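Everything numeric in this text was worked out from a predicted model, so none of it was measured. Labels below follow one simple rule: chain letters A, B, ... track the order of the sequence lines, proteins then strands, and each chain is numbered from 1.
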Amino acid sequence: MRRLLQIAAREYVAYVRTVGFWLSMLALPLGMALVMGASGYMEASAPPPAIVLIDQTPGQLYLKPVSEALTRRGKASGRPRHDLVAPPLALPDDPAAIGAALKPWLAGDSRLDNRRKLSAAFVIHGQGEAVSVDVWTENPLLGATEAVRTTIADRMERARLEAAGVSSDLLTAARALRPTVTDFSPKTSQKASLVNRLPGVIGFGAAMLLWSVIFTGAGILLNGVIEEKSSKVLEVLLSSATVPEILFGKILGVAGVTFTVLGVWGAVGGALLGVFAPAQAADVGRVLLGNGLVFYFAFYLVCGYLMYASVFTAIGSFCETTREAQTLLGPIMILLTIPVIFLSQALRRPDTPALEVLSWIPPFTPFMMTARAASNPPLWQVIGTGVIMLVTVALVMWIAGRAFRAGALSTGKVDFKGLVAKLRGGE
Amino acid sequence: MYAALELDRVTKRYGAVTAVDDLSFTARKGRILGFLGPNGAGKTSTLRMVLGLSAVSAGRIDVLGAPDGRSVRDRIGFLPEERGLYRRMTPVEAIVFLAGLKGVPAGEARRRARTMLEDQGLGEAQNRQIRQLSKGMAQKVQLIAAIVHRPELVILDEPFSGLDPVNQQTLETVIRDLAEGGATVVFSTHVMQHAERLCEHVVLLAKGRKAFDGGVAEARSSVPRALVLEGALEAGAAGALPGVASVASQPLEGGGWRHVCALRAGANGQEALKTAFAEGLDIQRFELREPTLHDAFIVLTGETPSPETAFTGEAAA
């Protein structure tokens, strides 16, 4: 145990003091801050798109409501989404010629005041129930277009109904009618809220977290062992410690590295959530601790990490270059992509039969059961998959130990057939 | 206990290939044993079995009273043939880490590491990363890492390979010091000069089988002495001299011949020289050559002899 911890400590320190570790530690928060800051800055600094609204219908029936609708769109965010401007020139009466007339402004060759570009021109023409809207733009403003369409449609509908004798007040009152819809949770027999969906979301998040831990942790292990193999350190280690001590020392050390990064991210995220959304933070805490989900997650996280990390470490012991490892890693990488495909399904329908079946296949068990744990799967499934998982992890670790010993002392390129032969021979 | 290491009819097979075949020898405590053999003779396979890095196919090993090195690894120091250390560690860090695995407390390991690095002239380099050191310096660091825990048995696999003559000399001194300090040293090599200078006891391995096991003098005695004659004399005349068993000849660049005459057991060469001069044979240069361990190695391992040692055919047989 002493040697195992010493090896783990060396692994941990070796990575923690690299620049790459700090870069990866800071990459996510910095990246998120950068993306959010950049988009916020762009939003704040860029003027709202300039739009020309032309109503050629008799009496300019739609000019006012459409203008109000476009203005309303920005009010929710506290910032105008569009800037309605007057046409930069006297426009022809023919709607089809308007686009050509505005082309220099729409293309950016000519500018509005303050050097602004004209983003779009909406031309409403026709009459009665034959109204058209021509949208001239090089950058389709889907939100604006939809607002224009809905507003005009509403006006046309109102005109038809009023013509049929429906009073404007009645129409307004009728439109205000809404049934009262209430979601109930069958588990609590109380009103369902977003909190009821939270376990599923957390399960999905935990499964993705497990996936990323395995992917990054196992990758670090693989590269570390390849480096040790190529620099001939492995044989020295083998003469100083047992194979399990080396194998699990490495796995433990790299787990420490991975969890340090995730712990820092989690702590920062939790702190931010606690400050800016304390109610949601409390809900997350209740779900994780109240349902015991955190213990399920911990179990599957440990099992999944041990299983894949053992395999990656053993493969690394046979390879002196990453290129050599790629041949042996192919099947493992395919296995690791399958859970990702099914995890989004688990979020929407955790009781899908396909997910239940996959839960019984050990390479997928940690991911699938983590995602399903929140939906309270049957206890016999939890116990059954858990036992199979434990047996599989023990078996994989035993085989990985043999492979690691054989790989560490092997020389030359090892293909899949050679790998199997060495495993059977034990060296 | 008399032996630090004992192998009894040990065999190692890799599938259909027998790397080590029925090998037995003993390394006495506090002595230096040279484990000699050409490349591919089975030396590394044997040492790996001793260390417990690979399993024995047949036979028995006794290492410091244990069936292999695994249960006594803290009492063994090992320098592998293909050497390497963590390149981003400093020498002190690497030595302290490996000493820690052998049970030496960190503080004590650090103190020993600094002292030993100073002794080896690496005081200036002790805080530089290993990747910044020269190959020779890195090899010294690795040697220190192998012995910093003061092992009872030191196993060095081809320790002299890659070292310049000065560092080879330094390493020989270290090995002698280890033995004088009571450690048993087993080192493998295919360069005989080191074994000749360091060992009383050598084991020669060829194609996985033991070719010789005994003292250096005894190994040398397996090869006859040789009388080297250079001049215009013919091979037949050289072969007819008293005490000469066989002759290997090669032409000299400036004309004439170089005859290497293998002497029969007990013959000292004086008689042959007297006769040659008495007969007026044309001899420009002569040399009475004592056999070296290198000669014995070539003969005993069945390596293809060089022209100089071609005469030893009868000894090899």
Is it the case that the side chain of A:Arg2 and the backbone of B:Gly100 share a donor-acceptor pair, with hydrogens and angles ignored and the cut-off at 3.5 Å? yes
Would you confirm whether A:Glu235, through its side chain, and B:Pro80, through its main-chain N or O, come within 3.5 Å as a donor-acceptor pair? no
Taken to the nearest 0.5 Å, the spacing of A:Leu237 CG from B:Leu101 CG works out to 6.5 Å
Are more than 12 heavy atoms from other residues, nucleotides or ligands located less than 6.0 Å from atom CD of B:Gln120? yes
Listing, residues 147-156 of chain B side-chain donor-acceptor contacts under 3.5 Å, not counting sequence neighbours, or none:
residue: B:His149; atom: NE2; partner: B:Ile76; partner atom: O; Å: 2.8
residue: B:Glu152; atom: OE1; partner: B:Arg75; partner atom: NH2; Å: 3.0
residue: B:Glu152; atom: OE2; partner: B:Arg75; partner atom: NE; Å: 2.7

Given a strict heavy-atom distance threshold of 4.5 Å, which part of B:Leu85 is in contact with chain A: side chain, backbone, both, or neither? backbone
Based on non-hydrogen pairs under 4.5 Å, which of B:Ala145, B:Gly103, B:Ala146 is most in contact with chain A? B:Gly103
Crowded around B:Arg176 CZ? As in, over 12 foreign heavy atoms under 6.0 Å? yes
Locate the shortest heavy-atom distance separating B:Lys102 from A:Ser239; write the atom from each residue and the value. NZ-O, 3.2 Å
Could you state the interatomic distance from CZ (B:Arg70) to CG (A:Leu238), rounded to the nearest 0.5 Å? 11.0 Å
Any pair with a residue in residues 245-255 of chain A that passes side chain to side chain donor-acceptor pair (under 3.5 Å), sequence neighbours left out, goes on the list, sorted by first then second residue, please. A:Arg3-A:Glu245, A:Glu11-A:Lys250, A:Glu228-A:Lys250, A:Thr242-A:Glu245
Can you list the steps and then say if B:Leu79 with A:Val236 is a side-chain contact (heavy atoms from CB on, under 4.5 Å)? CA-CA 7 Å; B:Leu79 182 73; A:Val236 178; over 6 Å; no
Roughly how far apart are A:Glu227 CD and B:Tyr86 OH, rounded to 0.5 Å? 9.5 Å
Heavy-atom proximity to chain B below 4.5 Å, by part of A:Ile7: both
Atom group of B:Arg88 that falls short of 4.5 Å from chain A, counting heavy atoms: both
